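Below: the structure, in structure tokens.
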2 protein chains.
Amino acid sequence: MTTGENGGAAVPARLRELPSRLLGQASTHAQRLVTEALGRADAHKWHYAALVALEESGPASQAALSDRTGIHRSDLVAVINELAARELVERAPDPGDRRRNVITLTPLGRRRLRRLEQLLDAAQGELLTPLSAAEREQLTRLLGRIVEHHAHGGPAMGSDGQ
Amino acid sequence: MTTGENGGAAVPARLRELPSRLLGQASTHAQRLVTEALGRADAHKWHYAALVALEESGPASQAALSDRTGIHRSDLVAVINELAARELVERAPDPGDRRRNVITLTPLGRRRLRRLEQLLDAAQGELLTPLSAAEREQLTRLLGRIVEHHAHGGPAMGSDGQ
DNA sequence: TGACTAACGTTAGTGCCACAAACGAAACTA
DNA sequence: TAGTTTCGTTTGTGGCACTAACGTTAGTCA
């Protein structure tokens, strides 16, 4: 074997069953899977979030996009830069409020979004392989309740990945 | 309100229900809670993992500890340093194999572990507040299956937190 | 016995991510 | 008009998972 002196891993049950630890490990695997999947298409998790928000709610300022995606203002700048460089999005000054930029989804961006959705769905499938459809939905609901509960107030609405 | 121009957050459902994203956000909250809780006692998530492994399986080499805790070899060095500085653990060369160090839990370390367990339990409780006992157990089982499934083979066994 | 291979602990460094701080410009507000 | 707030932006920080490399020590086996 590669490491220790005994047989299997022998991770203590107190560690194995610790919810926060399980969340961390599952999240690590999840982020790796989606990063790899989207990376093959030269995309990033945040790209998908921004494109989805734009398709869902139409053109928006960067501040509004930050709200809808959870991407931090200071990180969103680079994301829009990259999307604009790929012509998936257009950044134009807002004539009605010259502090703002209006970000608009291009037709190319919409087609791109379709592709990213496929890649992302595949990654979710791979992530949730060991779970049945009912279990997947249950997991999603349980996680959703936790996230929603802690989202109110805390400094973190997290620009977490996909 | 603090940001955008419309009412609530209005996060698209496609983002809100994405399992990998939910995992990431839940994990972020979880890590923050346990880091804060343990931080109040001048401790770190990894400290707990190492102490638990030592109590569970007795004295061990750093390599064995790395296996049992999931903490990377290169990070474990600093963890043992800190635990040894607090006299919660003793690091001694292994007479039978001079490449190895034998890490031993001290009585003080064992008492410390009791305290950290309390803090950690409280943090888990806070994290899982919106869930019933049955739901907590279900979440743990579902996450455990995912983690176990992806743990076999991948480069990541993750030195994830608690 | 000696050469090779592998495991050990350790150091240093990488890339990603969530986030804070501060700034000029523009817009509201009193 | 003065003061405050929002906007986009730049810069920096701390934590985490992980890789690479190195000297030391142990096994392997020609």
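Protein chains get the first letters and strands the later ones, always in sequence-line order, with residue 1 at the start of each. In what follows, every heavy atom counts, from backbone to side chain, and hydrogens, waters and symmetry copies are set aside. This structure is a prediction, so every number in the text was calculated from the model and none was measured.
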Over how many whole Å does the gap from [X] atom [atom1] to [N] atom [atom2] extend?
{"X": "B:His150", "N": "D:dA17", "atom1": "NE2", "atom2": "C1'", "result": "17 Å"}
{"X": "B:Leu76", "N": "C:dC8", "atom1": "CG", "atom2": "P", "result": "12 Å"}
{"X": "B:Ile71", "N": "D:dC18", "atom1": "CD1", "atom2": "P", "result": "13 Å"}
{"X": "A:His72", "N": "D:dG14", "atom1": "NE2", "atom2": "C1'", "result": "14 Å"}
{"X": "A:Leu65", "N": "D:dT9", "atom1": "CG", "atom2": "C1'", "result": "16 Å"}
{"X": "B:His47", "N": "D:dC16", "atom1": "NE2", "atom2": "P", "result": "11 Å"}
{"X": "A:Gln31", "N": "C:dC16", "atom1": "CD", "atom2": "P", "result": "14 Å"}
{"X": "B:Leu33", "N": "C:dA18", "atom1": "CG", "atom2": "C1'", "result": "15 Å"}

So, using side-chain hydrogen bond (donor to acceptor under 3.5 Å, both in side chains) as the criterion, who are the partners of B:Glu126 when residues are at least two apart?
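Listed in chain order: nothing, the list is empty.
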Can you identify which nucleotide, out of [options], has its nearest atom closest to the [X] side chain?
{"X": "A:Arg99", "options": "D:dC18, D:dT6, D:dC16", "answer": "D:dT6"}
{"X": "A:Arg32", "options": "C:dG9, D:dC18, C:dA20", "answer": "D:dC18"}
{"X": "A:Gln62", "options": "D:dT9, C:dC8, D:dA17", "answer": "D:dT9"}
{"X": "A:Asn101", "options": "C:dC17, C:dG9, D:dG8", "answer": "D:dG8"}
{"X": "B:Arg98", "options": "D:dA26, D:dC16, D:dG8", "answer": "D:dA26"}
{"X": "A:Arg100", "options": "D:dT11, D:dG8, C:dG9", "answer": "D:dG8"}
{"X": "B:Thr28", "options": "D:dT25, C:dA27, C:dC19", "answer": "C:dC19"}

Counterpart residues, salt bridge (Lys or Arg N to Asp or Glu O under 4.0 Å), relative to [X] (two or more places apart):
{"X": "B:Glu117", "answer": "A:Arg14, B:Arg114"}
{"X": "B:Arg99", "answer": "B:Asp97"}
{"X": "B:Asp121", "answer": "none"}
{"X": "A:Glu135", "answer": "B:Arg145"}

Think A:His44 has a side-chain N or O under 4.0 angstrom from the OP1 or OP2 of C:dC17?
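For A:His44, the contact criterion (side-chain N or O under 4.0 Å from OP1 or OP2 of C:dC17) is met.
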Report yes if a side-chain nitrogen or oxygen of A:Lys45 is closer than 4.0 Å to either non-bridging phosphate oxygen (OP1 or OP2) of C:dC16; otherwise report no.
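Looking at the OP1 and OP2 atoms of C:dC16, neither is under 4.0 Å from any side-chain N or O of A:Lys45.
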For A:Ser74 and A:Pro95, take the nucleotide of DNA chain C holding the closest heavy atom to each; which residue's nucleotide lies nearer the 5' end?
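First, find each residue's nearest nucleotide; the 5'-ward one identifies A:Ser74.
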Does B:Asp75 make a side-chain donor-acceptor contact with the base of D:dC18, cut-off 3.5 Å?
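In this structure, the two groups form a donor-acceptor pair.
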Strictly below 4.0 Å, heavy-atom distances to any atom of DNA chain D: list the hits from residues 77-93 of chain A, or just say none.
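The answer is A:Val77, A:Arg91.
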side-chain contact (heavy atoms from CB on, under 4.5 Å), paired with B:Ile146, selected from A:Thr129, A:Leu22, A:Leu131
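It is A:Leu131; the other options fail the test.
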A:Glu87 backbone acceptor or donor facing A:Thr106 side chain under 3.5 Å
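Answer holds: yes.
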Any donor-acceptor N or O pair under 3.5 Å, side chains B:Arg91, B:Gln62:
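Yes, a side-chain donor-acceptor pair sits under 3.5 Å.
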